[in-house]
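Below is one structure, written out as structure tokens; the observations come after it.
Every value quoted in this text rests on a predicted model; they were computed, and no experiment measured them.
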Amino acid sequence: MKKILLFIFIATTTFFVQAQDEAQSAFSEGLKLLKSNRFAEAEKQFSIAIKKGVAAQGLKMSYIYKGFSLNGQQKYEQAILCFDKAIEIDSLDPASYTDRGLAYSYKKDYEKAILDFGKVLKIDSNGKQAEAAYYYLGRIKFSQGDY
């Protein structure tokens, strides 16, 4: 019985390590493609990273970067869904709300963008994400003629 349990443990561990290596490889390739503005190809690599990934932090980052790839293709609704997933994984990360707020802003859904930037300010009232939130809130107001 102990040998069977040990075998199952080793097989399971090996599977997860291999899957995580494949996820990391796809993520790294996705980053290269994203940096060269090859958004559709990057999206595919981040999708592989999500499918193969097991670690929460890796999954969160894969969803975020897949969202960036989708934004680059002007697929804002799909990008928002990716940022939603990242927020489900870590709801206290203000950067994910900034990213989703930008996607809403690109799609000109300013009401939802303003809500997300407001969440950023509740989580991080004076850090880098707060600076970004104030900047984007200002841009929204300016685009609406509210000087």
How many angstroms lie between atom [atom1] of [X] and atom [atom2] of [Y], to the nearest 0.5 angstrom?
X: K44; Y: K66; atom1: NZ; atom2: NZ; value: 11.5 Å
X: Y136; Y: S143; atom1: OH; atom2: OG; value: 13.5 Å
X: E131; Y: Q129; atom1: CD; atom2: CD; value: 9.5 Å
X: Y63; Y: D99; atom1: OH; atom2: CG; value: 15.5 Å
X: E29; Y: Q24; atom1: CD; atom2: CD; value: 12.0 Å

Would you say [X] and [Y] make side-chain contact, with heavy atoms under 4.5 Å?
X: L121; Y: L137; answer: yes
X: D116; Y: T98; answer: no
X: Q144; Y: Y110; answer: yes
X: K112; Y: R100; answer: no

Answer yes or no: is there a donor N or O on one side and an acceptor on the other, between the side chain of [X] and the main chain of [Y], under 3.5 Å?
X: Y97; Y: I87; answer: no
X: S91; Y: E88; answer: no
X: Q73; Y: S69; answer: yes
X: S125; Y: K122; answer: no
X: S47; Y: E43; answer: yes

What heavy-atom pair brings [X] and [Y] nearest, and what distance separates the two atoms?
X: I123; Y: P94; answer: CG2-CD, 3.8 Å
X: I89; Y: A56; answer: CG2-O, 3.6 Å
X: A103; Y: N71; answer: CB-OD1, 3.6 Å
X: S96; Y: K60; answer: OG-CE, 4.5 Å
X: A113; Y: I140; answer: CB-CD1, 3.8 Å

Chi angles and distances behind the side chain to side chain contact (heavy atoms under 4.5 Å, CB included) call for L33, Q45 = CA-CA 9 Å; L33 293 165; Q45 290 301 311; 3.7 Å; yes
Tell me, please, which residues at least two apart from S62 pass side-chain hydrogen bond (donor to acceptor under 3.5 Å, both in side chains).
-> none
To which residues is I80 joined in a hydrophobic cluster, defined by side-chain heavy-atom contacts under 4.5 Å among Ile, Leu, Val, Met, Phe, Trp and Tyr, whether direct or through other members?
-> Y104
Grouping ILVMFWY residues whenever side-chain heavy atoms fall under 4.5 Å, the cluster of Y65 otherwise contains F27, L31, L34, F39, F46, M61, I64, F68, F83
Take atom CD of E111 as the centre, draw a 6.0 Å sphere, and report whether it contains more than 12 heavy atoms from other residues, nucleotides or ligands.
-> no
Do the rings of Y147 and F142 sit parallel, tilted or perpendicular, given the 30° and 60° boundaries?
-> perpendicular
So, K52 and D21, do they make that salt bridge, N to O below 4.0 Å?
-> no
Report yes or no: do F117 and Y134 belong to one cluster of Ile/Leu/Val/Met/Phe/Trp/Tyr joined by side chain heavy-atom distances under 4.5 Å?
-> yes
